[in-house]
Engineer: 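Input: one structure, supplied below.
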Amino acid sequence: MNVLLIGSGGREHALAWKLAQSAGLSRLYAAPGNPGIARHAICAALDAGDHAAVARFCGEHDIALVVIGPEAPLVDGLADSLRAAGTDVFGPSAAAAQLEGSKGFTKRLCAAANIPTARFVSVNTLGDALIALDGFGLPVVIKADGLAAGKGVTVAATRAEAEAALAAIFAGPGSAVIEAFLAGEEASLFILTDGTTMVPFGSAQDHKRVGEGDTGANTGGMGAYSPAAVLTPALEQQAIATIIAPTLAAMRARGTPFSGVLYAGLMLTADGPQLIEYNARFGDPECQVLMMRLESDLLGLMLATAQARLADVAQPRFGDTAALTVVVAARGYPATPVTGGAIGGIDAAEANGAVVFQAGTGLDGDALVARGGRVLAVTAVGANVRAARDVAYAAVGRIDYADGFCRRDIGWRALEGGGD
Ligand code: AMP
Ligand code: GLY
C-alpha cells in the first residue's frame, strides 16, 4: 500500500525509517520531507495547509494512509479534510487535537473529569491575570494558551518574573494559563488509541533545556532516551487509570474521540502522576528513540489505529533495550541558529550501528547543509541507557559539522538514578 507522511523533521525521518521496514508498504511519499527522509520516501513539494491539494495528491498516488507527524496540520484540521475525502489518516481530528492546541481546553477537561493536574486559572486580560496571581505561591507557572512549541512556558521563581511573563503574553492577542508548580521528575508516556481501544506505546524522558545540567533556554528537545525507568509499571498503570482513560472517555463523550498517538507529559509527584500537558502526536526527539526500540510493524499499527481496529491486532512490542538520541543543533539554537553549515560523516557515524535521523537539513547542490535549529538526532540502542549513550556519542564524534553543537550529558538522570 502507498503511504503519505506529512512533515520534515527528525520525528518524521524516524517514522519514515520504520515505515520503510514494513512488508505492507509499497511506496512511501513524504511532504515536504528532507534529505534524510528521501532515503526512504519520495519527497513531494506539497503544502500541508492546502487540504484540497493534499487530497488531490492522495487520489493521484493511490494513497491508502496519511500519517500526520507535526501538530500544526492536526490543529488545522488536515485529518478531517482527508477523512472527508475518503482517506484513512493516522492523527486526530482538529477537535481532538485541542488536547494539544489549547491548554485551557485540556485544563477544563481535567477539572470536569477529576484528572490530576496542577491547579490553574485561565485569564484573558493582564488585569485579571495580576489579580489571579495573588492566589498562587512561588514558584508559579505561566503559559501562553495555544501552540507554542514548548517555548510559551515560564516557571517563575519571583512575582516580578511572573508579571513580566504575563505582560509579554498580553502584549499580543491571546490568553494565558497560570498554574501551580508541581515538584517531581518528568516522564513522557505514549498511548496509541483509535478512540476506544488504547495500548501503551512506550515511555521516554527528554532534555528540554539547551545547556548541560538542564540549564539555559527551553528548546524543542536536545535529546531523549527510552524507556523512562522512573515510570515504573505501577506508575504507568496509575497514569493510565487516573489520567489517560478518563481523558479518552471524556473525548468520546463529547463526540470528538481522539484517534492517533496521545503523548502525555507527566510529573511524577509525591502524590502520584499528574498531567503537565498533552501532545496530539509523537514527540521529537522522543519518536526517534521509540522507533529504534519498536519491534512491531509500525504500518500495521498505524493502519489499525486509523481504521478503529486496534482491538483486533497484537499489542505493540518493544525490545528489552534502551535507546538514546543526541540532538546536534546549529550554533545559536534556539535563539538564532546559524544555517548553511556543511554536514559530513553520516555514513561513518552509522557504521557502528547508530542511526542519524535528519531534522533541519537541506541540499546545497549535492552537499548536505544545515537549514534549521535542530539538525540531526544521532540515535542508538543498547542493552541499557549507558550502552546506548556510548554508541550514540561515538557516532556524534564521527560527524563532521563545524557549526553544530550538542549536549554531552544526555541521559545523565537515568545514569545517576541507577537506571542503567
Ligand atoms: P509544557 O509546554 O506545558 O509541557 O511545559 C513545558 C515545561 O515546563 C514542562 O516540560 C515542565 O518542565 C515545565 N512545567 C510546565 N508546567 C509545570 C508545572 N505545573 N509545574 C512544574 N513545571 C512545569
Ligand atoms: N520533545 C518535546 C516535544 O516534541 O514536544
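Note that the structure is predicted; figures quoted are calculated from it, not measured. Each ligand, and each atom within it, is numbered from 1 in the order the structure gives. Numbering starts at 1 and runs along the sequence shown.
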Engineer: So which of E277, R119, K143 gets nearest to atom 15 (C) of ligand 1, if we judge by its closest heavy atom?
Structural biologist: K143
Engineer: Would you say the side chain of L248 lies within less than 4.5 Å of the side chain of M198, judging by non-hydrogen atoms?
Structural biologist: yes
Engineer: Can you list every protein residue that has a heavy atom under 4.0 Å from any atom of ligand 2, sorted by chain and residue number?
Structural biologist: D206, G220, Y263, N279, R281, G283, D284, P285, E286
Engineer: Evaluate the side-chain hydrogen bond (donor to acceptor under 3.5 Å, both in side chains) criterion for residues T361 and R371: first the C-alpha distance (whole Å), next the side-chain angles of each, then the deciding distance (0.1 Å), finally the verdict.
Structural biologist: CA-CA 5 Å; T361 60; R371 288 266 196 261; over 6 Å; no
Engineer: Heavy atoms only: which of V141, I178, L266 lies closest to atom 23 (C) of ligand 1?
Structural biologist: V141
Engineer: Taking only residues at least two apart or on different chains, which pairs with a member in residues 214-246 satisfy ring-ring contact (aromatic ring centres under 6.0 Å, His included)?
Structural biologist: H207-Y225
Engineer: With heavy atoms of L182 as the reference, note each atom of ligand 1 found under 4.0 Å away.
Structural biologist: 18 (C), 19 (N), 20 (N), 21 (C)
Engineer: Under 4.0 angstrom from ligand 1, any heavy atom of Q274?
Structural biologist: no
Engineer: Sorted by first residue and then second, give each ring-ring contact (aromatic ring centres under 6.0 Å, His included) pair with at least one member in residues 388-407; sequence neighbours left out.
Structural biologist: none
Engineer: Y29: what forms a ring pair (Phe, Tyr, Trp, His ring centres under 6.0 Å) with it, not counting sequence neighbours?
Structural biologist: F57, H61
Engineer: Would you please classify the geometry between the F282 ring and the F201 ring as parallel, tilted or perpendicular, with 30° and 60° separating the classes?
Structural biologist: tilted
Engineer: Would you say A183 contacts ligand 1, with heavy atoms under 4.0 Å as the rule?
Structural biologist: no
Engineer: Short list, please: which atoms of ligand 1 are under 4.0 Å from a heavy atom of M267?
Structural biologist: 21 (C), 22 (N)
